[in-house]
Student: 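Take this structure, written in structure tokens, and hold onto it; I'll ask about it next.
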Amino acid sequence: MTDDTAIQARRREIAVEHVLFKLIEYVEGKHPGLLDMIEGSLDHLGDPAHDDSKDDEAVRAIARKMIVGARTENAKTRNAKAD
């Protein structure tokens with residue numbers, strides 16, 4: 001992967017993660033339970049690599065951290081609205 005390709009991939013990952021978090025926050029706010037459903041699906045999540053870098057649990061750990069972050073942001077948003 002060239003430096004430019006790696007930079008573009010990193011930027012896309014950051015942008016996608018931001019948009020996804022905001023979408024999850026919005027939907028969870030309107031329809032509580034989305035994060036529970038996503039969390040319940042993690043057993044089906046895996047790393048598609050076919051080499052020694054394959055690590056399904058590492059992928060699941062990242063997803064769990066994302067869910068914790070989304071729950072934290074959702075709680076902050078609910079608390080801000082309540083004040």
Side-chain angles (χ1 to χ4, degrees):
M1 189 180 317
T2 66
D3 288 341
D4 287 343
T5 303
I7 290 167
Q8 287 295 357
R10 185 188 77 235
R11 289 174 180 164
R12 265 193 312 279
E13 181 180 348
I14 292 166
V16 167
E17 189 173 301
H18 174 79
V19 171
L20 180 60
F21 272 157
K22 291 301 174 185
L23 176 63
I24 289 170
E25 278 181 48
Y26 179 80
V27 174
E28 180 70 21
K30 301 287 183 188
H31 305 283
L34 173 65
L35 291 171
D36 293 336
M37 188 274 303
I38 293 171
E39 189 171 41
S41 74
L42 294 184
D43 288 344
H44 303 288
L45 180 60
D47 185 340
H50 297 289
D51 60 16
D52 291 342
S53 70
K54 182 175 179 67
D55 189 341
D56 293 338
E57 190 50 42
V59 173
R60 291 180 191 121
I62 292 168
R64 283 186 202 99
K65 287 179 184 177
M66 293 174 75
I67 291 168
V68 167
R71 287 188 194 283
T72 300
E73 283 302 311
N74 193 33
K76 287 180 189 175
T77 301
R78 279 195 315 255
N79 289 339
K81 288 180 180 176
D83 291 342

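Position 1 is the first residue of the sequence, and the numbers go up from there. Just so it is clear, the model here is predicted, and its values are computed rather than measured.
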Student: Can you measure from CG (Leu45) to CD (Glu57) and round to the nearest 0.5 angstrom?
Tutor: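 Leu45 CG to Glu57 CD: 9.5 Å, rounded to 0.5 Å.
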Student: Under the side chain to side chain donor-acceptor pair (under 3.5 Å) test, which residues partner Glu39, sequence neighbours left out?
Tutor: Arg71
Student: Could you check whether atom CG of Asp52 has more than 12 heavy atoms from other residues, nucleotides or ligands sitting under 6.0 Å from it?
Tutor: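 No, not enclosed.
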Student: Are the side chains of Arg60 and Arg64 in touch, meaning some heavy atoms are under 4.5 Å apart?
Tutor: yes
Student: With rounding to the nearest 0.5 Å, note down the distance linking CD in Glu28 to CD1 in Ile38.
Tutor: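 The CD1 atom of Ile38 is 8.0 Å from CD of Glu28, to the nearest 0.5 Å.
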Student: Using residues 16-24 as the side-chain source, report each donor-acceptor pair under 3.5 Å to any protein atom, sequence neighbours left out, with the distance given to one decimal.
Tutor:
from: Lys22; atom 1: NZ; to: Glu25; atom 2: OE2; distance (Å): 3.4

Student: For Ala70, is there any backbone N or O sitting under 3.5 Å from a side-chain donor or acceptor partner on Asn74?
Tutor: no
Student: Could you pull out the closest heavy-atom pair between Leu42 and Ala63, with the gap in Å?
Tutor: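 Closest approach of Leu42 to Ala63, heavy atoms only: CD2-CB, 3.7 Å.
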Student: Sub-3.5 Å donor-acceptor pair from the side chain of Asp56 to the main-chain atoms of Gly46, do we have one?
Tutor: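 Not at all, since once roles are kept as given, no pair shorter than 3.5 Å links the two residues.
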Student: Same hydrophobic cluster for Val27 and Leu35, using side-chain heavy-atom links shorter than 4.5 Å among ILVMFWY?
Tutor: yes
Student: With a 4.0 Å cut-off on N to O distance, would you call Glu13 and Arg10 a salt bridge?
Tutor: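 Salt bridge between Glu13 and Arg10, a charged N being under 4.0 Å from a carboxylate O: no.
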